[in-house]
Amino acid sequence: MAGDKSPCKKLKVLLPYDMEVETLSRLPGKSLMKFLCEREKGSLEAIPLKMEMVIHHQKEVFCDESKDNGVGSGDKRPGKQKVLLSYDMEVETLRRLPGKSLMKFLCVSKNWYSLIRSQRFVASYYAAKPSRFIVAFTNSVFGKPERLFIMSGEEEEGTSSLVANLDMTVPSVTLPHGSAKFSSVHGFLACFDLSKFIICNPSTGQVITFHCKATGTSLGYDPVDDQFKALTQVTSIYVHNPSSMVHEVITLGRGGVVSRTQVTSPPHHPLTMGRCINGFIYYAAWAPIFGATPVFVCFDVRHERILSFITTPKDVMLRGAFTLLIEYKGKLAVVVPDCSKFGLSFNRFYLWILEDSTKHEWSKQTFELPLSLPFSPAAGERMISQGTNKAGDIVFSPTTLPGRAQPFYVFYFNPDTKNIRRVRIHGVADTEEFWSRYGLTDVCRASFSPQHADSIASL
C-alpha cells in the first residue's frame, strides 16, 4: 500500500534554489550546522552551477546556463541556481516538512515521487512526527451547507491555551446527535454519515468515501502488513434473526476500496463504535448467548476474523450507547462517569481497563474530580473522554461546539496528581467571522482526538 520498499541509497536530488531555501528554512539550526560539517568533509558533491534542471510538463530537462534561454546569455540570477543534496540529507530535510508540502513536491521528479511514496520514508515520517490533537465538527443536523471541518494543533504540556488551525473541510457531511462519530486510526480520521463512510488524512488532504451496508462501520489498521481495513455489519439480529452474523471486511488501498470479503460470527448487536488498538478492533455488543451480560467483540484485522467475545462487568456499560472506548497505556479501557450525585453532571468517574483479553480480566480505578463536568444524555451539553494525551492525561471534551462564537474548552486530568486543568483551544469556531463565513447554525456536533498521528500515507 505504501509504495516502493527499495530505497535508492545512491540517489541525488537536484532542487531549484527557491525551493531549497524554503525547505532549509524550516530546519532547526543544529541540523543546518550538521549539513555544513558534511559539506566540509566532502561528503556532498559540488553544486553544478553551469547546469540547471527545468521542470517542464513533469519532465526533467537539463540545459547549459551559458546558452541564451531568452533572458540573456550566462544568466546567473539566484533564482536559477540549483542545489544537489545527498540522499540522507534529503530524507532528513523532507521529514521535517508538513504533509501538504510533500504532496506538492511529488511532481518535482520521478525520483522525488519514488522517495516520498516509499514505504521506508512513509514509516520514518510517521515515527519522526509528534502526535497532534484533532478537533472535528460539522454544521447542525438541519444546517446548510453541510460540511465537516477538521482542525489540528500541537500540544504543550502544562499550558492553559492551545491553537488549532483549519486543515481541511469536507462538503456534504453532517452528523446526527449521539455519541462521538469520529475515530483516529494511524494518521487517518474516519466517520460515517448514515451508510456513507468517510476517511480523511488531515496531513495530506486526501478524502475517500464509499458505501457501507450499516452505520456501525469501524476503521482498523494492521501494523504487520501496513494495511487499512474497515469492518461493517451486513445482517442484523433484529431484522434477519440469523443463526450467525455476517460482516463485511473492506480492504483499502491506493484509490479506495481494493476488495470486499465476508466473515461470520455468533449473532450479536453492536452497541458502540469500534476502537482499533494494536491491530485489533474492539466494540461493545449484546449477544443472546451471553444473556444480559454485555460483551466486547474483538476482531483480528490482519487475519480477518472475530477472535473472541470478552465478557464484561455490567457497570462498564452503565452509559449504554453513550459508552466510549479509549486506549489507555496500550490497553482497551472505558471511562464511565458517575452521575448518581448530580444527575446531569459528574465529579467522579471510573476507569475500567481490560488487563487480560484471554482471561477476560478487568481492573477498576475510581477518580474524584475537583469540579463537576456536564453529562446530559439528551441533546444538551456533555463532556466525554476519547482518550489520553502523550503525557497520560485523560482528556474530557464537549460533544458539541459551546455556542455561536464561544470559546472551546477541553479538560486534562492527571491520574497521578489528581489535578485537572482547563485548556482553551483557540481557533475552533470562536469568532463571529468564522460562523458567518461558513454559515454555521444552531448546535454543531464536535469531536476531540488528543493523540492523532501525522502521516503521509495514501489510500
Side-chain angles (χ1 to χ4, degrees), residues 129-137 149-165 167 179-180 182-185 189 202 275 277 319 322-339 341-342 344-353 363-376 381-403 406-430 445-454:
K129 290 290 185 179
S131 61
R132 302 164 62 84
F133 66 83
I134 287 282
V135 184
F137 59 92
F149 299 83
I150 300 177
M151 296 179 150
S152 71
E154 297 181 1
E155 186 173 294
E156 299 177 17
E157 293 187 21
T159 186
S160 60
S161 65
L162 298 170
V163 177
N165 297 305
D167 287 328
S179 60
F182 303 91
S183 61
S184 172
V185 181
L189 194 68
R275 169 71 68 175
I277 302 175
R319 293 299 162 193
F322 294 104
T323 302
L324 286 176
L325 285 56
I326 69 171
E327 180 177 353
Y328 186 76
K329 298 181 179 180
K331 298 179 179 180
L332 174 68
V334 177
V335 173
V336 182
D338 182 357
C339 300
K341 184 176 181 180
F342 298 100
L344 298 180
S345 63
F346 65 97
N347 67 347
R348 177 191 297 119
F349 71 90
Y350 309 107
L351 178 64
W352 289 88
I353 304 172
S363 66
K364 176 185 177 183
Q365 300 179 34
T366 303
F367 296 102
E368 301 284 343
L369 298 175
L371 50 80
S372 295
L373 298 178
F375 193 87
S376 172
E381 188 179 4
R382 185 167 71 254
M383 300 293 290
I384 61 173
S385 176
Q386 290 187 255
T388 65
N389 63 357
K390 190 174 182 180
D393 296 340
I394 298 174
V395 183
F396 292 92
S397 60
T399 57
T400 62
L401 294 184
Q406 296 299 307
F408 184 88
Y409 290 100
V410 297
F411 294 83
Y412 289 75
F413 177 77
N414 188 314
D416 298 323
T417 65
K418 308 300 187 296
N419 292 328
I420 191 169
R421 58 189 172 93
R422 187 178 75 162
V423 178
R424 178 177 177 179
I425 311 296
H426 291 273
V428 182
D430 52 5
R445 308 302 170 196
S447 179
F448 185 88
S449 299
Q451 279 199 80
H452 178 84
D454 223 351

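We're numbering straight along the sequence, starting at 1.
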Note to self: Any non-hydrogen side-chain atom of Phe133 less than 4.5 Å from a side-chain atom of Val410?
What the structure shows: no
When Leu351, Val335, Ile277, Val334 are each screened for side chain to side chain contact (heavy atoms under 4.5 Å, CB included) with Tyr328, the one that passes is Leu351
(Q) Angle between ring planes, Phe367 versus Phe413, binned at 30° and 60°: parallel, tilted or perpendicular? (A) perpendicular
For Gly427 and Met151, the nearest pair of non-hydrogen atoms, with its separation, is O-CE, 3.0 Å
Phe182 and Ser447 have their tightest heavy-atom pair at CD1-CB, 3.0 Å
### Sub-4.5 Å side-chain heavy-atom contact between Pro415 and Gln365
no
Residues passing the ring pair (Phe, Tyr, Trp, His ring centres under 6.0 Å) test with Phe346, sequence neighbours excluded, are Phe396
Rounded to the nearest 0.5 angstrom, the CD1-CG distance for Ile134 and Leu189 is 6.0 Å
Evaluate the side chain to side chain contact (heavy atoms under 4.5 Å, CB included) criterion for residues Leu401 and Gln406: first the C-alpha distance (whole Å), next the side-chain angles of each, then the deciding distance (0.1 Å), finally the verdict. CA-CA 8 Å; Leu401 294 184; Gln406 296 299 307; over 6 Å; no
Worked check of side chain to side chain contact (heavy atoms under 4.5 Å, CB included) between Ser160 and Val423
CA-CA 5 Å; Ser160 60; Val423 178; 5.6 Å; no
Rounding to 0.5 Å, atoms OG (Ser183) and CG (Leu324) come to a distance of 11.5 Å
Looking only at heavy atoms, the pair that brings Pro337 and Phe349 closest together is CA-CB, 4.0 Å
Donor-acceptor contact below 3.5 Å, side chain Glu368 vs main chain Arg348:
no
Checklist entry - For Arg424 and Asp430, what are the C-alpha separation, side-chain angles and deciding distance, and is it a side chain to side chain contact (heavy atoms under 4.5 Å, CB included)? => result CA-CA 10 Å; Arg424 178 177 177 179; Asp430 52 5; 3.4 Å; yes
Separation between OG1 (Thr400) and CZ (Arg382), nearest 0.5 Å, reads 8.5 Å
Whether the side chain of Gln386 engages the backbone of Ser449 through a donor-acceptor N/O pair (distance < 3.5 Å, no angle test) should be reported.
no
For Ser131 and Gln451, the nearest pair of non-hydrogen atoms, with its separation, is OG-OE1, 3.8 Å
**Study point:** Sidechain-backbone polar pair: Asp393 side chain, Val395 backbone, donor-acceptor under 3.5 Å
**Key:** no
Between Arg132 and Gly153, the two heavy atoms sitting closest are CB-O, 3.3 Å
Item checked: Side chain to side chain, Ile353 and Lys329, heavy atoms closer than 4.5 Å -> no
For Met383 and Tyr409, the nearest pair of non-hydrogen atoms, with its separation, is CE-O, 4.4 Å
In this structure, CG of Asp338 is separated from OH of Tyr350 (nearest 0.5 Å) by 3.5 Å
The side chain to side chain contact (heavy atoms under 4.5 Å, CB included) partner of Tyr412 among Ile420, Ile394, Asn389 is Asn389
| said: Apply side chain to side chain contact (heavy atoms under 4.5 Å, CB included) to residues Ile384 and Phe375 and explain how you reach the verdict. | reply: CA-CA 8 Å; Ile384 61 173; Phe375 193 87; 4.2 Å; yes
| said: Keeping Glu327 on the side-chain end and Gly387 on the backbone end, is there a donor-acceptor pair under 3.5 Å? | reply: no
How about NZ on Lys390, more than 12 heavy atoms from neighbouring residues, nucleotides or ligands closer than 6.0 Å, or not?
no
Those residues at least two apart in sequence (or on a different chain) that pass side chain to side chain contact (heavy atoms under 4.5 Å, CB included) with Glu156 are Thr159, Leu162
Separation between CZ (Arg275) and CG (Leu332), nearest 0.5 Å, reads 9.0 Å
In this structure, CG of Leu373 is separated from OG of Ser397 (nearest 0.5 Å) by 10.5 Å
